[in-house]
Amino acid sequence: MVVYIEDAILDNLVINSIILFLSLFSLRQKIKILKVICASLLGCVVSIALTFFSLPLFLTILIKFLLGLILSSIVIQKFSFKLLSLFYVVFLTFTFVMGGFCFFIIYLFGGEVYSITNMTYNLPISLGVIFIFLGIYAFLLIQAIKVFYKKQKLASFYYDVILHIQNKKIKIKAYLDSGNLLQDNLTGLPILIVNFNTFNKIFNGKVSVFNFLKNTLNQTIKGRYIDVSTISSNGKMFVIEPNKVEIKQDGTQLKEIKVLVGVSSNTSKSGQFEALLSPLAL
């Protein structure tokens, strides 16, 4: 068996870099390329150096574990025992899981592993190349899980709202905004804030933008202005009293709530929802 030093160095650099990158990415740690490269080089030097010594297996494994701890401490952004412990566990997990996949691929294609501790093997394709593909797969999988989890988490804040106004029934998507604590001073009712486009749809596109900007909607629409205050400014908001407002989430029954409907120039820059629902309405 012939082991080429340049192949061993390249494999170690690629493997160390990918595992460190995936560990940082999965924990949402800031990735500093220079730190990752330095840690990977250190891991590479130690791993290559171990091949020149006939150490007992338990001592080689102990050195590998200590090396992983040192590499973890190098790349984490802010050193703390809690973060280092968590990162080290994630680092070891990626090492074992991806290493297992590599062994599977080696044996799948009829190769052999001569030494687990020194990662010497017989296979036409480089282990580093296998790790690159595994790293890409793991990265995409982590990203997909994060997106799915985020959507599931946000789903609990979205409501379907059915507005009964002007003999019309309009279904809109609302976001439960903990910052929307607006209440009408006269009735004490919370305010469901809709964007201008939705408000205009209620009145069949007959709402004047000029009246909206000039705070004169009460001249053409039955409603009134209330004073609203934010951290940065004070102003007025036009509100109307709906006939009925119902809300529901996926899999839940319709629930009637008591609110006034206020109009704002913009409630969602992303277009994912058309209204801001107050927690006081629930």
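Computed from a predicted structure; not experimentally measured. Heavy-atom basis, side chains included; hydrogens, waters and symmetry copies ignored.
Residue Lys258 qualifies as open at atom NZ: its count of foreign heavy atoms under 6.0 Å is 12 or below. Within a 6.0 Å radius of NZ in Lys32, no more than 12 heavy atoms belonging to other residues, nucleotides or ligands are found. Under a cut-off of 6.0 angstrom, the local environment of CZ in Phe101 is sparse, with at most 12 non-hydrogen atoms contributed by other residues, nucleotides or ligands.
Between Phe87 and Phe91, the ring planes are parallel. Angles under 30° get that label, and only those over 60° would be called perpendicular. Aromatic ring orientation, Tyr88 versus Phe65: perpendicular (interplanar angle above 60°, classes split at 30° and 60°). Ring geometry, Phe21 versus Phe139: the interplanar angle falls from 30° to 60°, so the pair is classed tilted.
Side-chain atoms of Glu274 do not come within 3.5 Å of backbone N or O of Asn195 as any donor-acceptor pair. A distance-only check finds no donor-acceptor pair linking the side chain of Lys78 to the backbone of Leu83 [under 3.5 Å]. Counting only distance, with no hydrogens or angles, the side chain of Asn200 and the backbone of Phe196 share no donor-acceptor pair below 3.5 Å. A donor-acceptor distance shorter than 3.5 angstrom exists from the side chain of Ser73 to the backbone of Ile70, with no hydrogens or angles considered.
Closest non-hydrogen pair, Ala39 versus Leu20, comes out as CB-CD1, 3.7 Å. Shown here for Thr93 and Val89, the closest heavy-atom pair between the two residues is OG1-O, 2.7 Å. Across all their heavy atoms, Ala275 and Ile172 have their closest contact at CB-CD1, 3.7 Å. In plain terms, the two heavy atoms of Ser47 and Lys64 that are nearest each other are OG-NZ, 3.4 Å. Contact record, Pro279 with Ser178: CG-CA, 4.1 Å, taken as the closest heavy-atom pair. Counting all heavy atoms, side chain and backbone alike, Phe25 lies closest to Gln143 at CZ-OE1, 2.9 Å.
Figure legend: cation-pi geometry between Lys255 and Tyr159 absent, as NZ or CZ is not positioned both under 6.0 Å from the six-membered ring centre and within 45° of its axis.
Once rounded to the nearest 0.5 Å, the distance linking CD1 of Ile18 with OG of Ser23 reads 11.5 Å. In this structure, CG on Leu192 lies 9.0 Å from OG on Ser278, to the nearest 0.5 angstrom. To the nearest 0.5 angstrom, Leu22 atom CG is 8.5 Å from Ile31 atom CD1. Atom-to-atom distance recorded for Asn180:CG and Leu276:CG is 6.0 Å, nearest 0.5 angstrom. With rounding to the nearest 0.5 angstrom, the CD1 atom of Ile162 is 5.0 Å from the CG atom of Leu254. One distance of note links CE of Met98 with CD1 of Ile15; it measures 8.5 Å at 0.5 Å rounding.
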### Task
Take Gln77 and Lys35 through the side-chain contact (heavy atoms from CB on, under 4.5 Å) test and state the conclusion after the steps.
CA-CA 10 Å; Gln77 186 176 359; Lys35 283 188 174 183; 5.9 Å; no

### Message
If you apply the rule side-chain contact (heavy atoms from CB on, under 4.5 Å), what do you find for Gln29 with Val75, and how did you get there?
### Response
CA-CA 9 Å; Gln29 290 291 300; Val75 298; over 6 Å; no

### From CA spacing to verdict: side-chain contact (heavy atoms from CB on, under 4.5 Å), Asn185, Ile226
CA-CA 8 Å; Asn185 292 331; Ile226 63 172; over 6 Å; no

### Query
Phe238 and Ile221: side-chain contact (heavy atoms from CB on, under 4.5 Å), yes or no, with the steps?
CA-CA 10 Å; Phe238 186 72; Ile221 300 173; 4.0 Å; yes

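When the options Val261, Ile202, Ile170 are evaluated for a side chain to side chain contact (heavy atoms under 4.5 Å, CB included) with Pro242, the one that passes is Val261. If you run side chain to side chain contact (heavy atoms under 4.5 Å, CB included) between Ile191 and each of Val259, Val263, Val239, only Val239 comes through.
Inter-residue side-chain proximity for Lys236 and Asp227 is flagged as met; some heavy-atom pair is nearer than 4.5 Å. Between Leu260 and Arg224, the closest side-chain pair of non-hydrogen atoms falls below 4.5 Å. A 4.5 Å side-chain heavy-atom check between Leu84 and Ser72 finds at least one atom pair inside the cut-off. With a 4.5 Å cut-off on side-chain heavy atoms, Thr187 and Glu241 do not count as touching. For the pair Asn211 and Val207, the minimum side-chain heavy-atom distance is 4.5 Å or more. Taking the side chain as every heavy atom from C-beta outward, Leu176 and Leu277 approach each other to under 4.5 Å. Between Lys171 and Asp160, some side-chain heavy-atom pair lies under the 4.5 Å cut-off. Using a 4.5 Å heavy-atom threshold, the side chains of Cys38 and Leu42 count as separate.
Here the two rings, on Phe133 and Tyr137, have centers that are 6.0 Å apart or farther.
Grouping the Ile, Leu, Val, Met, Phe, Trp and Tyr side chains by contacts below 4.5 angstrom, directly or via other members, places Leu141 apart from Val147. Leu134 and Val97 fall within a single hydrophobic cluster, where Ile, Leu, Val, Met, Phe, Trp and Tyr are joined by side-chain heavy atoms under 4.5 Å apart, directly or via other members. Follow the hydrophobic side-chain contacts under 4.5 Å out from Leu13 and you never reach Val45; the two are in separate clusters. Under a hydrophobic-cluster definition in which Ile, Leu, Val, Met, Phe, Trp and Tyr are linked whenever side-chain heavy atoms come within less than 4.5 Å, directly or via other members, Ile240 and Leu186 are assigned to different clusters. Linking ILVMFWY side-chain heavy atoms closer than 4.5 Å, directly or via other members, places Val36 and Ile136 in a single hydrophobic cluster.
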